[in-house]
Amino acid sequence: MIGARKTRRNDSRVIVHFDYDCFYASVFENENPALKSLPLAVQQKQIVVTCNYEARRRGLHKLALISEAKKIVPDLVIVLGEELGRFRDASKDLYRYLEGFTWSGKVERLGFDEVFMDITDIVDYNQNLLNPNDLAHSFFSLERNDPTVGFTFDATIFAGHTYPPQQMPSAISNSQGNDWLTTRLILGSHFAQHLRLGLDEEKGYTSSVGISTNKLLSKLVGNLNKPKAQTTLLPPYDMLEDGISYNAENTQESNVTMFIDGHDIGKIPGIGFKMAQRIRNHVLSRPPESGTGSGWGGTKESVTVRDVRLFPGMGPEMLERILGGPGVERGIGSKAWGLINGIDDTEIQKAKKVPSQISIEDTYGRLDTMPQVLKELRRLATSLIKRMHTDLLEDDDDPESGSGSKKRWSANPKTVRLSTRPRPPPNADGTRTRSFNRISRSGPLPSFVFNLNNGIDSIVERLVQECLVPMFKRLHPPHAVWNLSLINIGVTNMVETAREDGGGAGGRDISKMFKRQESTLREWRVADRDVPPDPVHGNDNNHHHNHQQAEPSAGDGAPNDDNDHDDNDDILASSEDAIYETQQNSIDDAWQEEEDDDDERPSCEICRRCGAMMPAFAIPAHERFHSLEQEEE
DNA sequence: CGGGGCTTGT
DNA sequence: ACAAGCC
């Protein structure tokens with residue numbers, strides 16, 4: 001009864017998973033088609049991060065050292081792939097292509113080369129359109145309000161591969177009437193094929209695709225037929241719990257169990273390295289902590305999902321005991337148990353227009369002097385600002401905002417974060433206990449970074465001097481010795497700026513947005529002149545907005561992108577550097593209070609140039625500030 | 001092995 | 001401020 005509720009299957013959705021074949025290599029091939037016939041490898045630092053299938057045919061594999069790779073394939077073409085811009089661009093393009101087909105907007109990217117899509121609504125719709133008398137000549141409708149848009153297909157068979165493989169494709173559907181789930185997966189498979197061929201023919205990218213009823217299963221099943229193919233996980237999905245069997249001599253078993261049972265426990269998405277190791281230890285009756293942590297340790301035996309599932313006493317409670325502990329997600333046991341049983345109810349996230357974080361990082365073999373650090377901080381900060389411009393700046397199509405500027409910020413990050421990974425000092429015996437642990441500090445992102453008039457260099461310099469260096473000193477106090485293997489600079493805590501949208505689906509209530517921003521926004525001001533005077537901002541010391549209310553935000557807002565606020569408060573409050581000071585301002589109270597009264601709230605605007613938020617009446621003065629600023633140059 | 005970047009949870 | 005997870 002304990003985990004019983006969560007352990008029920010829900011197969012009412014149809015989920016498709018796309019995995020672009022050797023994505024990085026494909027990006028280069030698309031840029032330069034001559035590469036397609038050559039063995040091609042993409043290099044990052046000293047390793048081959050991916051290679052095309054011609055290279056694989058000759059025995060090269062992913063993650064080979066470059067030196068090895070050259071030996072394996074002497075005429076290998078090697079391209080450098082450390083700069084990720086082109087991959088990000090291609091990834092977003094493909095993502096937008098797929099998004100264009102959805103009705104619900106439920107499309108989610110995982111990394112650059114994977115996409116989940118929830119096509120439940122489209123499948124539902126087309127299921128109702130089927131003519132049971134002539135399934136072989138069906139039409140798949142892609143748009144609700146234009147019945148001519150779509151494609152013809154044979155609804156008696158699956159498109160592409162299935163698991164388990166079907167010996168006689170049409171046998172199933174002819175002999176017995178298809179059940180509900182089978183019909184929907186057939187529909188899903190044809191739609192998936194349409195999308196997959198579209199990606200190939202229109203965008204030049206082949207992919208491997210899986211079709212099932214949740215993210216876990218669709219992702220795993222897509223691996224069965226790898227380059228340029230698709231696989232649907234066939235019903236039945238349900239276990240026959242007691243006595244009931246379809247057929248006396250041909251008892252059916254769940255294909256889900258059959259399929260997932262063969263996987264190594266560590267191959268299940270959601271069960272990562274740490275969890276897999278702990279489960280293995282338990283199942284193999286190992287002492288709970290062998291303490292090495294370096295590499296593969298001792299456990300060589302592979303432990304499959306079946307081994308875990310059938311282990312005596314195994315279930316959500318036991319898993320909770322194995323996996324639970326301080327700093328571990330609560331309910332991890334039943335979650336893991338669900339995964340082991342092919343159950344995964346997590347939703348496909350709706351497309352977000354704005355990322356919830358942008359960060360830039362690099363790794364180093366040795367980085368232990370301040371001048372080096374300063375140089376890297378500038379380098380990383382420069383590309384961060386550039387990334388903010390490409391990712392967060394959009395064309396300003398609002399005619400009223402004259403004043404020459406053609407771009408506006410679609411979101412303002414409120415927080416900067418600096419992370420480093422100190423290289424652990426060598427062990428007594430010389431063995432390197434490599435740790436992947438990062439440490440970080442964060443603080444308010446000053447608004448001068450949103451300035452579009454002055455050059456990037458001056459912004460970078462200020463950011464480095466006024467924010468990053470102080471944070472660095474907090475991470476690594478003067479006198480301390482360190483050697484860094486990584487630096488990461490990021491901006492987080494995005495606050496979407498209001499759109500004068502007004503029309504259409506998801507029309508948002510602007511006053512609600514501001515209510516949210518009141519609690520989210522925190523304007524601090526660099527104690528310096530020539531920063532845009534922010535006439536308004538959260539004045540809030542001690543005003544803790546606990547409940548932050550996931551705020552589903554009409555359509556697709558950023559669900560909970562403000563985790564760290566309380567922490568930031570504390571950091572700021574105790575910051576000795578006193579670089580920032582809050583600006584108390586009496587205007588606030590005039591308009592910020594009054595939760596329940598909808599009318600007569602002074603209208604607010606966000607400066608197009610620097611992102612500062614203020615009441616409308618403050619805009620003119622603020623604009624004047626900017627023009628002064630401009631003349632200074 | 002290991003790159004750069006993202007999300008989620010405590 | 002991490003830790004862990006995913007690619």
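In the text below, chain A, chain B and the rest are named by the order of the sequence lines, each starting its count at 1.
Taking SG from Cys22(A) and CG from Asn52(A), the interatomic distance works out to 6.0 Å, rounded to the nearest 0.5 Å.
To the nearest angstrom, C1' of dG3(B) lies 15 Å from CZ of Arg86(A). The distance from atom CD1 of Ile271(A) to atom P of dA3(C) is 22 Å, rounded to the nearest whole Å. Rounded to a whole Å, the CD1 atom of Ile358(A) is 14 Å from the C1' atom of dT7(B). Distance CG (Leu94(A)) to C1' (dC7(C)): 15 Å, rounded to an integer number of Å. Taking atom CG on Asp89(A) and atom C1' on dG4(B), their separation rounds to 15 Å, with Å as the unit. Between the P atom of dC6(C) and the CG atom of Leu339(A) lies a distance of 10 Å, rounded to the nearest Å. Distance, Lys215(A) NZ to dT7(B) C1': 10 Å, rounded to whole Å. Atom C1' of nucleotide dG3(B) and atom CD1 of Ile47(A) are separated by 6 Å, given to the nearest angstrom.
Comparing atom distances between the Tyr24(A) side chain and each of dC7(C), dA1(C), dG3(B) picks out dG3(B) as nearest. Distances were taken from every side-chain heavy atom of Gln357(A) (C-beta onward) to each of dA4(C), dC2(C), dT7(B); the shortest belongs to dT7(B). Each of dA4(C), dG3(B), dA1(C) was ranked by its minimum atom distance to the side chain of Gln44(A); first place goes to dG3(B). When distances run from any side-chain atom of Leu63(A) to the nucleotides dC1(B), dT7(B), dA1(C), the shortest one goes to dC1(B).
Each side chain to side chain donor-acceptor pair (under 3.5 Å) pair with one or both residues in residues 261-270 of chain A, not counting sequence neighbours, appears once here: Asp261(A)-Arg309(A), Asp264(A)-Arg280(A).
Using a 4.0 Å heavy-atom cutoff across all strands shown, Lys62(A) reaches no nucleic acid atom at all. Among the atoms of the strands shown, only primed sugar atoms or phosphate atoms (P, OP1, OP2) are found under 4.0 Å from some heavy atom of Gly270(A). At the heavy-atom level, Ile268(A) lies under 4.0 Å from the strands shown only through sugar-phosphate atoms. Nucleic acid contact class of Thr363(A) (heavy atoms, under 4.0 Å, all strands): sugar-phosphate only. Among the protein residues, Asn488(A) comes within range of no part of the nucleic acid, since none of its heavy atoms lies under 4.0 Å from any strand. At the heavy-atom level, Leu84(A) lies under 4.0 Å from the strands shown only through sugar-phosphate atoms. Here Leu65(A) lies out of heavy-atom contact (under 4.0 Å) with every strand.
Only Asp113(A), Glu114(A), listed by number, bring a heavy atom of residues 108-115 of chain A to less than 4.0 angstrom from any atom of DNA chain C.
The salt bridge (Lys or Arg N to Asp or Glu O under 4.0 Å) search around Asp368(A) returns Arg366(A), not counting sequence neighbours. Not a single ring pair (Phe, Tyr, Trp, His ring centres under 6.0 Å) links Phe112(A) to another residue, sequence neighbours left out. With sequence neighbours excluded, the residues satisfying ring pair (Phe, Tyr, Trp, His ring centres under 6.0 Å) with Tyr20(A) are Phe23(A). By the ring pair (Phe, Tyr, Trp, His ring centres under 6.0 Å) test, Tyr53(A) pairs with no residue at all, sequence neighbours left out.
The phosphate of dT7(B) has OP1 or OP2 within less than 4.0 Å of a side-chain N or O from Ser356(A). Contact annotation: Arg387(A) reaches the phosphate of dC6(B) (side-chain N/O to OP1 or OP2, under 4.0 Å). For dA1(C), one of the phosphate oxygens OP1 or OP2 lies less than 4.0 angstrom from a side-chain nitrogen or oxygen of Ser442(A). Contact annotation: Lys45(A) does not reach the phosphate of dG3(B) (side-chain N/O to OP1 or OP2, under 4.0 Å).
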side-chain contact (heavy atoms from CB on, under 4.5 Å) between Lys350(A) and Ser104(A): does it pass, once the steps are laid out?
-> CA-CA 8 Å; Lys350(A) 286 193 194 172; Ser104(A) 62; 5.7 Å; no
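Relative ring orientation between Phe87(A) and Phe28(A) is described as perpendicular, the plane-to-plane angle rising above 60° on a 0-90° scale split at 30° and 60°.
Taking the six-membered ring where the residue is Trp, the centroids of Phe18(A) and Tyr97(A) are separated by 6.0 Å or more.
Residues Pro355(A) and Asp362(A) both approach DNA chain B. Their nearest nucleotides, taken by heavy-atom distance, put Asp362(A) toward the 5′ side.
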